[in-house]
Amino acid sequence: MQPNAVAGVLLDMDGTLVDSDAAVERAWRAFAEANALDPVHVLAIAHGVPSERTVRRLLPGLTDAEVAAFATRQLELEYDDLSDVVATPGARRLLTVLGQLGLPWAVVTSADSRLAAARLGKVGISPPVLITTDDVAVGKPDPSGYLLAADRLGIDPRQCLVVEDTDPGVAAGRAAGALVAALKNRPADIQLADLGQLADLLNRPKPQVKGRE
């Protein structure tokens, strides 16, 4: 399936639609320092997955209640850290093209509802459908978020394009059966330099099917 043949687009938030990388990294560097962990290792696994999953991987001896408490503290570090959160290159152009084409779209994020609302509000983006960790029992790389987004849009997930910037996100999109485009050189069906490139791909004329003479 070609990008200009999809029925809907499902976008990750952090690092894909919204550039919040600096805020995410500040929070996880603070976590690494507080827990005597290597910040390079922490940052290598923190992007693209729910906070609880990251905490559990880094501190496997914690109880469920302790994991939840650590994850809550991580989110609290990020809620108000919005000063340098901006839309990613090409994001606004992509959303304009989606509107022009009448393509349904949604945002599927590993953030909770409060953090997603804060970051999307900061950049002035209001998705028709927003799926957060509050909406699913299991986060990325599980496909639940993308499957739920497709269902709410009324589209077969196999007819959707997922756009991601992390390996767990790409895995979630593939597990949902979608075509997957990725930024930051992540292995996927389509490699993107930025979202402006995706706007161009979606805007290409669809090939005409010739009838029999």
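Because only heavy atoms are used, hydrogens play no part in the values below, and waters and symmetry mates are left out as well, while side chains stay in.
- Side chains of V86 and V18 form no contact here, defined as non-hydrogen atoms less than 4.5 Å apart.
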Step by step, work out the side-chain contact (heavy atoms from CB on, under 4.5 Å) result for R174 and V162. CA-CA 8 Å; R174 285 180 165 162; V162 163; over 6 Å; no
Before you tell me yes or no, could you show the steps for E78 and R26 under salt bridge (Lys or Arg N to Asp or Glu O under 4.0 Å), namely the whole-Å CA-CA distance, both residues' side-chain angles and the distance that decides it to 0.1 Å? CA-CA 9 Å; E78 299 182 50; R26 281 192 291 270; over 6 Å; no
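- Across P104 and A7, no two heavy atoms sit closer than the pair CD-O, 3.2 Å.
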Any chance you could lay out the side-chain contact (heavy atoms from CB on, under 4.5 Å) test for V24 and H47, step after step, and finish with the verdict? CA-CA 8 Å; V24 172; H47 286 282; 3.7 Å; yes
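- In this structure, P127 and V107 approach most closely via the heavy-atom pair CB-CG2, 3.7 Å.
- Using a distance-only test at 3.5 Å, with no hydrogens or angles considered, no donor-acceptor pair links the side chain of N35 to the main chain of L37.
- Ionic pairing of K184 and D21 is present here: one or more N-O contacts between side-chain nitrogen and carboxylate oxygen are shorter than 4.0 angstrom.
- Judged purely by atom type and a 3.5 angstrom limit, Q197 uses its side chain to pair as donor or acceptor with the backbone of A193.
- For the atom pair NE2 (H41) and CZ (R57), the distance works out to 6.5 Å, reported to the nearest 0.5 Å.
- Taking all atoms of both residues into account, the shortest heavy-atom contact from L11 to Y146 is C-OH, 4.4 Å.
- R53 has no carboxylate O lying under 4.0 Å from a charged side-chain N of D142, or vice versa, which leaves the two without a salt bridge.
- Closest non-hydrogen pair, S20 versus G15, comes out as OG-N, 4.3 Å.
- Put simply, the side chain of R158 never gets that close to the backbone of A178: no donor and acceptor are under 3.5 Å apart.
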L95 and L195: side-chain contact (heavy atoms from CB on, under 4.5 Å), yes or no, with the steps? CA-CA 9 Å; L95 298 182; L195 294 184; over 6 Å; no
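- Within the 3.5 Å criterion, the main-chain N or O of V180 finds a donor-acceptor partner in the side chain of D189.
- Closest non-hydrogen pair, L130 versus D135, comes out as O-OD2, 3.7 Å.
- One N or O on the side chain of Q74 and one on the backbone of A27 form a donor-acceptor pair closer than 3.5 Å.
- Looking only at side-chain heavy atoms (C-beta outward), V170 and T166 stay at 4.5 Å or farther from each other.
- The line from CZ of F31 to OG of S51 is 9.5 Å long, rounded to the nearest 0.5 Å.
- To the nearest 0.5 Å, the span separating CG on L58 from CZ on F70 amounts to 10.5 Å.
- L10 contributes atom CG, which lies 9.5 Å from atom CD1 of I131 (distance to the nearest 0.5 angstrom).
- K122 contributes no side-chain N or O that, together with a main-chain N or O of A117, makes up a donor-acceptor pair within less than 3.5 Å.
- With E66 contributing its side chain and T63 its backbone, the two residues share a donor-acceptor pair below 3.5 Å.
- Between the CD atom of E25 and the CG atom of D81 there is a distance of 11.5 Å, given to the nearest 0.5 Å.
- A heavy-atom distance below 4.5 Å is not found between the side chains of L183 and E164.
- Within a 6.0 Å sphere centred on CD of E33, other residues, nucleotides and ligands contribute 12 heavy atoms or fewer.
- Heavy-atom minimum distance, A32 versus P39: CB-CA, 3.8 Å.
- Distance CG/D12 to OG/S110: 6.5 Å, rounded to 0.5 Å.
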For side-chain contact (heavy atoms from CB on, under 4.5 Å), just list the numbers for V123 and R119, CA-CA rounded to whole Å, side-chain angles, deciding distance to a tenth of an Å, and then say yes or no. CA-CA 7 Å; V123 300; R119 286 179 176 160; over 6 Å; no
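- Counted by atom type alone, D165 and T16 present one or more donor-acceptor pairs between their side chains at under 3.5 Å.
- D112 is linked by a side chain to side chain contact (heavy atoms under 4.5 Å, CB included) to L75, Y79, R114, L115, T133, D134, counting only residues two or more places apart in sequence or in another chain.
- Between the side chains of T132 and S113, at least one donor N or O sits under 3.5 Å from an acceptor N or O.
- Residues D200 and R204 form no side-chain contact, since every pair of their non-hydrogen atoms from C-beta on lies 4.5 Å or further apart.
- At a threshold of 4.5 Å between non-hydrogen side-chain atoms, the residues L198 and L161 count as touching.
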